[in-house]
Structures are given as C-alpha cells and as structure tokens.
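Notes follow the structure.
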Amino acid sequence: MLWTEKYAPKRLSELVGQDAAVQTMRKWVESWKKGKPSKKSLLLYGPPGTGKTAATRALANETGWQLIEMNASDKRTMSALRKIIGEASKTGTLLEGVQGKKLLVLDEADNIHGRADHGGYQALKEIIGTTTNPVILIANDRYSIPAEIQAQCELVNFRRLRPDQIVKHLEHIAKNEKIKVDRKALEIIARRSDGDMRSAIEDFQTHALVFPRLTAEQVLLFKREREKNVFDLLRGILFASSADVARSVLWSVDIAPDEAMAWIVENVPKAIRDPKALAAVYNTLSRADIFYRRANERQIYRLWSYMSDLMSAGVAVKKGSEVKAAKFEPPSYLKRYYQTAKTRRMLNSVARKIAMACHTSTHRVKQDMIPLLPILIQNKKLLENLTANLELSEEEINFLSSLR
Amino acid sequence: MPGEELEIWVEKYRPQTLDEMVGHSEIISRLKTFVKKKAMPHLLFAGPAGTGKTTAALCIARGLFGDAWRQNMLELNASDERGIDTIRTKVKDYARTKPIGDVPFKIILLDESDALTADAQHALRRMMEMFTNTCRFILDCNYSSRIIEPIQSRCAIFRFKRLEADDIKTMLQRIAKAEKFTLTADGANAIVYVSEGDMRRAINILQAAATLRKKVDEKAVYEVMAVAKPTEVREMIQLALDGKFLEARKKLHSLLIDQGLAGEDLLTQVHREIYNLKIPEDLKVDLVDKVGEFSYRLIQGANELLQLEAMLAHFALVGQRS
C-alpha cells in the first residue's frame, strides 16, 4: 500500500504544519452547522504536497458530509459542471436529513481551461451562488482563479512544510513500519522534497524498498544512480553490448531527449571512425530526429519513445566494431551559435532592409547581393547612400563596414 | 522615400514603364492594354528569378496610378511574411480602404507565392474572392504548377521565360552608358554566362565589377566571381569525400551558423557541386539521391545541422568507395 494513502490524515488535527489553515476550515464548518455559512465556498491554495486534498478528505471524514470530488481529468464544461455539481448541490441527502450535506470538491480548479472547459468558470460562479451545500475549490495558484470567484470564497493558504516537520512525520512512519533509518537520511530526503510532503513520503518508501537499513550514503548514492551523468550515457551507448543495454542506459539518465541527442551527435564521429558504420549511425540519428519533430509538431509525445530507441539502441547496433575511446565534449554548435549570434542578426536585418527597398525577399538578397557586398561597399558613396536610404542603425553600418 | 534614389543599380535602373522593359514583347503588349483600359483580371506571373515579373507588376501600378502608385499597391513577399495569417491581416486592412484616384481597384502584389503551402493557397483563394470588387492580385511565382488549380483558373497567366543574352546585354550597356564606364563585349558575355539569364544577378555583378575596375572586361567579371562564389561548399564536400569527417563538419557548422546560410540553400549548392566532383558517374547519381532525401527531411522540419551532418557521413562513405 502506498504510504501516502496509508498515512493520510483521518482528522484535521492530524494534518502536519498547517495550523492556521485548519483553524479557518474548522470555523467555516461551524458556520455551516449553524446554518449561516460565512462564505459558501473555501478556496484552498498552495504548492503541491502541502495537504490541501488531504485536509478536504479529513474534513469530510470529521463532519460526515458526503464527499463529491471532481478533478482535472474530468471534463469541466459548463454543462458537465452543472450536471454533476449543480444537481448534487441543490438536494440534500434524504438519509441524514437536514444535517446531511454534500461536500463538493473541485480539485485543480486552476486548470479549468478557456476552450476545453468552455464556460466552466461561469457555471462555477452560478453554482457557488445558488448552492445549499458546502463547496471547496483547490488550486496551486490562487491568481489563476478569476477574481469574482475568489471573492465568493474564504481563502485558505497552505504553506510549504519545513524540513523538520517532514522529518518528524517520516520518523513517525518509520516507527510504525518498523524500519531502521538514520535521521540523517531522512533529513536529506526532507530537504530534497522542497516542502512537498507527498514527494518526501514517496521518496522514502522507494528508498526503503531497496535498502533494508537506510543510511545517508545510500540516499545520496541512490540519487546519483538515477542521474547518471551524460558521459556515462555516451559511454553506455557507444560501448553497449546490446540494444537492450543501450536503451536502459538512456532510461536511467535524467536528461531531456533533445539534449541527449545533441550530446550523442557531437561525440559519435569522434568515437566511430569507420565510414560505413558512421554513415549508418548518422542515418539512424537522422530518423530519430524526424520522429522528434513529428512528435513535437503534432504533440504526439509517445513518438518520443521511437526517437529514444533509435538514438540509443539504434546507435548501439549500428556502431560497428571499431569504436575508439574518445574525449567527449559538450555540443559545440551551441557555443558557436552564441558567438556568432550578433553577426547573424545583423546579416538578417541588413538583408531584410535591402529586400524591402529592392522589392524582393530577404532570402534572395542573402543569395544574390550579400556575397557581392564586400566589393560593392568599397564604393564609399554607395555605403553612404545605403546608410541614408535604408535608415541603417549604427550597429548595421559597423557590420557593413566590417565586410570590406 | 526608401528606394527612391538608391544607388543599388537593380533599383536605380529598374524600368519605370512597360515600354522601358527589355524582352517579353508579347507579354508587355498585352499588359499595356490593361493599363490603357484601366481594367485587368487577377494576374499570375510565372518564371525564373530575374526575368522581370516584379518589374512588370510595378510598371503596371505606375501606369495605372501614376504618382499615387505606392498608396494603391500593397507589396508582400510570401517568403518573408510570417504565415498566411499575417498575409490575411495585412490584405484585409489594406483592402478595407478605397483606392486613391480614378482607378476602381487597388493592387496586391504577392511575390514568391509558390512559397505558400497548399492550405495557405486555399486561404489566399478565399481572399481573392472576398476582395475581388476592390482589389486585383498579382501573384509572382517560379513555377505555375506549384499554384493550386482554383487560383490558376481565377488568373490570367503570363509565363516569363529566361531572358535572351541580347536582352541582358542591352540593359547592361544602357547602365554602362548612364554610369559612364566601358563594358567590353567579352565582359558582357562573361556576365551573361555567369548570371544564367537572371537580370538581377547580372546587374549586381556589373555593379561589383565596375566598383573594382573602370573598364569592365572578362577579367573584372571573373575577379568578382572569385569573391562572390566562395568555394567553401566544394571544400566541405571534398573533406568529407577524403574521409576527414570532423573537418568537413566544422566547415558545415561555419556555413550554417557563422554565415547563417539556410540548410536548403546549402543543399541546392551541394547538388550543383556534385557534377564537378572527380568521382565515377554512378556514385554522383547515388549522392544526388541522398541529397534529395535529406532535402526532403529538412522540409519535414528536421534539424538542419544533424541532417546535413548525416549527409556528409554518407559522402564520406561514398568517398571511401571511389
């Protein structure tokens, strides 16, 4: 069982580190019980893993209100919202009489998108206005919720947890699970979680599965294991004994696919000298690149997996037998782009200005005219004429003069 | 006004009236009747670069609108505008206002219109229909076959052929006379040869040669070409064929990154160079096949550096075989 579920708070008092929020929520519950709610809706906001959803469930548990949850995976068009929340919000449960309320919870309320959830916020506004049941909205970012809706809500802020609060809770779990663990290890996990209790608990459970007695060294080592550096990636792929090995090396490295690709392309020709193997490897990389473009262009990100396989397993099986140990280097083109960015910008802006004046395109000027410019501007009169007529900037003039 | 007194000769000596144009006598006489009657259909000018398509369009505008031609003509270049939406916005804004003067329509000149995708061309067709009461379109393109059928059928099509050597020489001598320098016969022939019937290129070369020498002869022309036609692409190919892949790649990066050359333009040059290589004919054809393949991958939006490197790797492989 996942510890995040097993150790979720049953009552609001069990919630770690959110005393102010809990107090506000309690008052709000009281006002509903008296039949005169201060505001009909709460807006719980704060970073992930700080207990917003957990608090809502604990609240439902304490009050006995029936919980109706919706989150971002549900479709939230106006009609869908009306249908699910709207109807539920007007009728009380017969079983429990007047006191039996339904608690309507809209998780990830900042994810109601303009087009896909057409009219979602409008419907939400109406529902909060007319409901006879308590409503809770949950969001990471309060300001992505329309101001009118914020105004209808009691705002409740959830704060990032301090490392010591997280450590204390992890110790509680460790004791309960009868796990032997160094406090130092828990401190590292807590610090890494950046105030996110959920991720800290998940991390702890993963580590505990692997190491029966968890030490700080193991936590640190495990981290390094996961983020093998890019040199290991290159060695792994270029000297892989099989397609499977190359694939798993790529999977074990925490690096974006395009970045991995750039490193591989930069270094492949340094290690593979046999022209036949190099051509084959490059062709595979070229195919990988095409899958990458297709994936991005049409937002079909599952195509990334083909790119990944081609650039890892594909390279591994086509690399031939003559792979040399080489000094791996970062992609050189980035440095080059950076160094020549200004020249390129000048070239483009001057070509564009000439194109406009000569009734043609930038692209044609670059082909026809730019190669001749070093000769043409030896005529100082022409340079002056261009400067005046094309309204060239000082930078552009300097660039032109430097061509001579 | 920019371009008014520009010392770039392609502009300075661009014909101002249809009568001043050289070559294409049949086309010109038909265009003149449009000007005379102050009426014309949408026009499609097809033909290679530097044959007078844009000049003809500008002459029509001047003929129809006189001094107010700039206000009554919108010039767009499909390869420079950012997509059909930009074009649509500009056309809409422009078409909304009435023409200035006694002409019942304004002109929208869309240069390099075959750079538009088929989808974009359908959008263009709708624009042509929408604004047909207030505007006439002149579309310039290299190949009319790249223009969708519904647009072609709405236009009068004029095909501009490559200019004859004599037409180009006439223009070059006209300029030499006005600028007061001597253009020798072998100089003119050399320019015609290297410019391949492209008037714009011919005039640019003439201007460069006249910058270097008072008398423009064959030698002056080839001096210009030595500067203007850098041999870097050839060197890059040769390095790859010699198996010096890393050096070839460095050259490639210099061309694409330092000099900002477009990948597809580079491929065009590579394609041309293949036939100058000293390798067996069958390998040349094999290389052309590969260049075509990588060109297609570029068009699909693939990464220029990677794809061209892959092409060089293939050249290295072929170099080993030859």
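Naming: A, B, ... by sequence-line order, numbering from 1 per chain.
Closest of all the heavy-atom pairs between Thr211(B) and Ile375(A) is CG2-O, 3.3 Å. Taking all atoms of both residues into account, the shortest heavy-atom contact from Gln378(A) to Leu212(B) is OE1-CD2, 3.6 Å. Heavy atoms only, all atoms of each residue included: Asp368(A) and Asp198(B) are closest at OD2-OD2, 4.3 Å. Smallest separation of non-hydrogen atoms from Arg293(A) and Gly301(B): CD-O, 2.8 Å. Taking every heavy atom of both residues into account, Pro275(A) and Ala316(B) meet most closely at CB-O, 4.1 Å. Contact record, Ala279(A) with Ala313(B): CB-O, 3.7 Å, taken as the closest heavy-atom pair.
For Ile370(A), no part lies under 4.5 angstrom from a heavy atom of chain B. Neither the backbone nor the side chain of Met356(A) has a heavy atom closer than 4.5 Å to any heavy atom of chain B. Neither the backbone nor the side chain of Phe315(B) has a heavy atom closer than 4.5 Å to any heavy atom of chain A. At a 4.5 Å heavy-atom cutoff, Ala262(B) makes no contact with chain A through either its backbone or its side chain. The part of Leu246(B) that comes within reach of chain A is its side chain, from C-beta onward, which places non-hydrogen atoms under 4.5 angstrom from that chain. Residue Leu278(A) touches chain B through both its backbone and its side chain, counting heavy-atom pairs closer than 4.5 Å.
Using a distance-only test at 3.5 Å, with no hydrogens or angles considered, no donor-acceptor pair links the side chain of Arg200(B) to the main chain of Arg364(A). Side chain of Asp80(B) to backbone of Ala355(A): no donor-acceptor contact under 3.5 angstrom is found. Checked by atom type and distance alone, the side chain of Arg297(B) never pairs as donor or acceptor with a backbone atom of Ile290(A) at under 3.5 Å. Listed for the Glu75(B) side chain is no donor-acceptor partner under 3.5 Å among the backbone atoms of His359(A).
Taking the six-membered ring where the residue is Trp, the centroids of Phe294(B) and Tyr282(A) are separated by 6.0 Å or more.
For the pairing with Asn204(B), the side-chain contact (heavy atoms from CB on, under 4.5 Å) check across Leu372(A), Leu373(A), Val365(A) returns one residue only, Leu372(A).
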